[in-house]
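Worksheet: one structure, shown below.
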Amino acid sequence: MQSVLHIRTTGPGLYEFTDDVIRFVHESRVQEGLLTLFVQHTSCSLCVQENADPDVRRDLEEFFRRLVPSSDSPSMRWIAHTVEGPDDMPAHIKAVLTATSLSIPVVHGKLGLGTWQGIYLWEHRRRGGERELIVHVGA
Amino acid sequence: MQSVLHIRTTGPGLYEFTDDVIRFVHESRVQEGLLTLFVQHTSCSLCVQENADPDVRRDLEEFFRRLVPSSDSPSMRWIAHTVEGPDDMPAHIKAVLTATSLSIPVVHGKLGLGTWQGIYLWEHRRRGGERELIVHVGA
Amino acid sequence: MQSVLHIRTTGPGLYEFTDDVIRFVHESRVQEGLLTLFVQHTSCSLCVQENADPDVRRDLEEFFRRLVPSSDSPSMRWIAHTVEGPDDMPAHIKAVLTATSLSIPVVHGKLGLGTWQGIYLWEHRRRGGERELIVHVGA
């Protein structure tokens, strides 16, 4: 079973959509299987991270902002791909440093997440946008 | 077929558990399929790396220690999530830079690893702990 | 259904092989399923990235070259694993920062890539080589 999830983002940061995935798994009626997420973009990405303290998401975003500054920063003047704006090439770099696809086992009809794990779309563009993900559940 | 693997860690570093996965695949009797690992924590992660020279693991650990210093280091004073200790937020960062899930094809009843590849749990917390992984093998 | 893909590389950089994967999916006749790629090496890796402007690949490569300089660089003298050359340990580090496996849903008989997404083998060794990947498509 497959579906497409749409997630609207308004700027850089982590957007939780765990509930959408839980709903999809529930509707699939799969008892034992494998859930896979795939993001159809190259300037946002996926991660599973702590969903308790919101500071964790802020710190993740800040670490990435410091590791990969925008291409108009003095340290990033070597970047050639600037035509789509100073946040575009850093967004591609942040995407390859994280994940484009992610798989989570379905156990006894439920997503096998740990107690503190949430599923996030990580937006790396300043303007954000309407993001599409394919969700697939199989044997 | 699914199972849970428990891995006890005693501090930062890479812990090989290739043999546990090989045993699981053998017991599953799957001849052609896909093995997926999923770690149920946000401060440790997964990787496939060289299992020949132990210096490779030490160097990987040292690179990450330098890239993401503990939050009481002068360069990391901007970190907000410090309540669980100076190694906690860096552990989350290291986890998103590596992998939470990993898939390896099963070919002719065997795990399709390359000659020098081993499967590792990468512990990012100083104290370590009892870590849980879900293993799933399907079509 | 499974197969092995061989990709010849001649030095560091991203090598697109999207067409090989599309051909495999087509031959499999799978209509709805999951395609998984697994690279059997620890000094090259996988990514899905933009296949429009070639500058994106050059900038990705340059970012990684700056983030993980060769082990004969002044800042990397702490590296212990140098026996296979100054580009070997950095190659392992770059591999863990990206992906060893990657899954893409097959939707209506076609690979579910976004408009600008291509599939790349990322070679991290200077000499390159003959690289092997397992492709698996399942339910």
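Order of the sequence lines fixes the chain letters, A, B, ..., with proteins taken first and strands second; residue numbering starts at 1 for each chain.
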Where is the tightest heavy-atom contact between [X] and [Y], given as atom of each residue plus distance?
| X | Y | value |
| --- | --- | --- |
| C:V106 | A:Q2 | O-NE2, 3.0 Å |
| C:S103 | A:S103 | OG-OG, 4.5 Å |
| A:A95 | C:Q49 | CB-NE2, 3.8 Å |

Between A:V96, A:L97, A:V39, the one whose heavy-atom pairs under 4.5 Å with chain C are most numerous
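The candidate making the most pairs under 4.5 Å is A:V96.
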To the nearest 0.5 Å, tell me how far [X] [atom1] sits from [Y] [atom2].
| X | Y | atom1 | atom2 | value |
| --- | --- | --- | --- | --- |
| C:L35 | A:F38 | CG | CZ | 9.5 Å |
| C:L113 | A:T42 | CG | OG1 | 11.0 Å |
| A:T82 | C:D53 | OG1 | CG | 9.0 Å |

Between C:L46, C:V107, C:L102, who has the most heavy-atom pairs with chain A when the cutoff is under 4.5 Å?
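Most heavy-atom pairs under 4.5 Å with chain A: C:V107.
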Report yes if some heavy atom in the side chain of C:Q117 is under 4.5 Å from a heavy atom in the side chain of A:T100; otherwise report no.
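Yes; the side chains approach each other to less than 4.5 Å.
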Donor-acceptor contact below 3.5 Å, side chain C:E32 vs main chain A:M1
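Pair found, side chain donor or acceptor close to backbone of A:M1.
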Residues 54-77 of chain C: residues contacting chain A (heavy atom under 4.5 Å, by number):
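Heavy-atom contacts from residues 54-77 of chain C to chain A are C:D55, C:V56, C:D59, C:L60, C:E62, C:F63, C:F64, C:R66, C:L67.
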Taking atom NE2 of A:H108 as the centre, does the number of heavy atoms from other residues, nucleotides or ligands within less than 6.0 Å exceed 12?
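At most 12 heavy atoms, drawn from other residues, nucleotides or ligands, come within 6.0 Å of this atom.
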Against chain C, label A:H136 side chain, backbone, both or neither, depending on which of its atoms sit under 4.5 Å from a heavy atom there.
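For A:H136, the contact with chain C is made by the side chain alone.
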